[in-house]
Amino acid sequence: MLDLKFIRENLEVLKNKLSKRNLEINLDHVIEIDQKRREIIQEVETLRNERNTVSEIIAAAKKEKKDASTEISRMKEVSQKIKGADTTREEIEATLRDLLLRIPNIPDETVKEGKDPSDNVEVKRWGEPPQFDFDPKPHWEIGEKLGILDFERGAKITGARFTLLKGAGALMERALINFMLDLHTREHTYQEVFPPILVNRTSMTGTGQLPKFEDDLFHLVDPDYFLIPTAEVPVTNIHQEEIIEGKNLPLYYTAYTPCFRKEAGAYGKDTRGIIRQHQFNKVELVKFTSPETSYQELEALLNNAEEVLKRLNLHYRVVSLCTGDLGFSAAKTYDIEVWLPSQKDYKEISSCSNFTDFQARRANIRYRSEPKSKPKFVHTLNGSGLAIGRTAVAIIENYQQKDGSVLVPEVLRAYMGGMTKIG
RNA sequence: GGAGAGAUGGCCGAGUAGGUCGAAGGCGCUCGCCUGCUAAGCGAGUGUAUGCCGAAAGGUGUACCGAGGGUUCGAAUCCCUCUCUCUCCGCCA
């Protein structure tokens, strides 16, 4: 959410900046509603002031046992007026809030203007694609043959885009989770948390999934809860409605959770294999920082996520998303894309973003730089560190052997009971 | 799921025959005084949000006593609904 005052005072600049995103936003309407809101507030407050003043007179009169019936009947009318005006005020404020919640974050200055993913900027590359003296197979063929990925049974148990992991496949999933959590907690000083994976409407609104993207979420009707699409939601909301002491910033959290996405609008995309599932595992990195340090913290967070791929010795590149491809809540985003031999292309495996004060304002997460100073909004950041399923895909494809087996990356062996090869 | 208790300012905790309560008192914190250091003591101050006035200091209006609604000229106080916390019982990984 953007600051209403900021919108009011920087309307033209803001229009220009938001126009770089690939969507329509009507800010004039917001200004118009805000104007109405301010007028009605004035009206209500003037009436209330009258009521409060006369109430004291009535109280004094009653105490002295004097008659106050004239004032009382006059205040009856005033109260009626207050009621009416207040209802109008509430309606206007609800409308305004809903409008504000649907305005995306402002892209950072350093984000390139562009329409779609083709305009994203590659900022770095690490390692080399592996060379094969045979035709590398896609992970679903390898996985099925090895008996570690079972698509038919996943679909039978639940439906499309659900997969059953078996044996070494399940083991590798667990090993990857542990490996990543250990790396981030022991070497990158993140605190491990395990949050609820069902959250309420307020939390979803706080991080920006609601009200605009309800169709992408799995929703429980009774109670009115949602399955998280990413650990970003519960972890960022840890400090919802809190004032953090400045000396405690920055805060680093890491969490493993399953994630659930409807993938509405992705029909026909990545239908084979486990690239795009309704349920997948992810280790997430979340930071709460002061506004001054958030961009350098973003670079550090990106490095922390990259480190996972380096240790697994998987070739990847990093791209900086252009304004048209930037997510709703983000001011700046780096995607890490890992090399997939079967596609001869890079596939997103992590997305690291600075949300500046956008989520903090929605979720009301503030900090005090000095013990007595006025609370200000923190900056929130997060990134995948990494998506587990897609990491498994990358390992299966990049470490595949001619005989159909898959070598286990060195760092993972200790986590898999010393296993060096699957198959 | 059943029965009961509770939710007040940074914390503890008063305040229920409705009116001058943004809210006693204590703790904590800040500033000052005092004491050869520390402690104790004394004095003053100490919530948030937002509008208006002011260069600023500050002044002033409005709202907030878990949330929402109702009764009333007027609600922390009365009524209803909800949420959360605690205790006991049941069930359960």
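Sequence lines set the chain letters: A, B, ... in the order given, protein chains first and strands last, and positions in each chain run from 1.
For B/rC12 and B/rG66, the P atoms lie 14 Å apart once the distance is rounded to whole Å. Using C1' as the reference atom, B/rG45 and B/rC52 are 26 Å apart when rounded to the nearest Å. B/rU8 and B/rG25 have their C1' atoms separated by 14 Å, with the value rounded to a whole Å. Distance noted for atom P between B/rA49 and B/rG54: 23 Å (whole Å). With both ends at atom C1', the span from B/rU62 to B/rG22 equals 13 Å, rounded to whole Å. For the P atoms, the distance from B/rC78 to B/rG6 is 12 Å, rounded to whole Å. When the C1' atom is compared between B/rG18 and B/rG13, the two are found 23 Å apart, to the nearest whole Å. For the P atoms, the distance linking B/rA24 with B/rU38 amounts to 32 Å, nearest Å.
Of all nucleotides listed (B/rG69, B/rU62, B/rU71), B/rU71 comes nearest to the side chain of A/Lys83. The side chain of A/Glu45 lies closest to B/rU62, out of B/rU48, B/rG19, B/rU62. Closest to the side chain of A/Lys62, out of B/rG74, B/rA49, B/rG19, is B/rG19. Among the nucleotides B/rU48, B/rC73, B/rU62, the one closest to any side-chain atom of A/Asn49 is B/rU62. Proximity note for A/Gln42 (side chain, C-beta onward) versus B/rG51, B/rG19, B/rG69: the nearest is B/rG51. When the nucleotides B/rU71, B/rU62, B/rA49 are ranked by their closest atom to the side chain of A/Arg48, B/rU62 comes out on top. Which of B/rG19, B/rU62, B/rA49 sits closest to the side chain of A/Ile58 comes down to B/rG19. In the set B/rU71, B/rC73, B/rG69, the nucleotide with an atom closest to the side chain of A/Ile72 is B/rC73. Across B/rC73, B/rG61, B/rA49, the shortest atom-to-atom separation from the side chain of A/Lys76 is found for B/rC73.
When each of A/Pro375 and A/Glu90 is assigned the nucleotide of RNA chain B with its nearest heavy atom, A/Pro375 is the one assigned upstream, toward the 5' end. Mapping A/Glu56 and A/Arg37 onto RNA chain B by nearest heavy atom places A/Glu56 closer to the 5' end of the strand.
Residue A/Asn52 places none of its side-chain N or O atoms closer than 4.0 Å to OP1 or OP2 of B/rG74. A close approach under 4.0 Å does not occur between any side-chain nitrogen or oxygen of A/Thr46 and OP1 or OP2 of B/rG61. For A/Asn200, no side-chain nitrogen or oxygen approaches OP1 or OP2 of B/rU83 to under 4.0 Å.
Note: CD1 (A/Ile40) to P (B/rU62) measures 17 Å, nearest angstrom. At whole-Å resolution of the value, CD in A/Glu64 and P in B/rU20 are 15 Å apart.
By the 30° and 60° cut-offs, the orientation of the rings of A/Phe213 relative to A/Phe328 is perpendicular. Ring geometry for A/His188 against A/His184 counts as tilted: the plane angle lies between 30° and 60°, on a 0 to 90° scale. Aromatic ring pairs are classed by plane angle as parallel below 30°, tilted from 30° to 60° and perpendicular above 60°; the pair A/Tyr256 and A/Phe194 is tilted. Taking the six-membered ring where tryptophan is involved, the planes of A/His239 and A/Phe288 are perpendicular, since the angle between them exceeds 60° and thus also 30°.
In this structure a side-chain-to-backbone donor-acceptor pair under 3.5 Å is present from A/Arg21 to A/Leu326.
The closest side-chain heavy-atom distance from A/Val319 to A/Tyr346 is not below 4.5 Å.
Among the heavy atoms of the strands lying under 4.0 Å from A/Arg51 are primed sugar atoms or P, OP1, OP2 only; no base atom is included.
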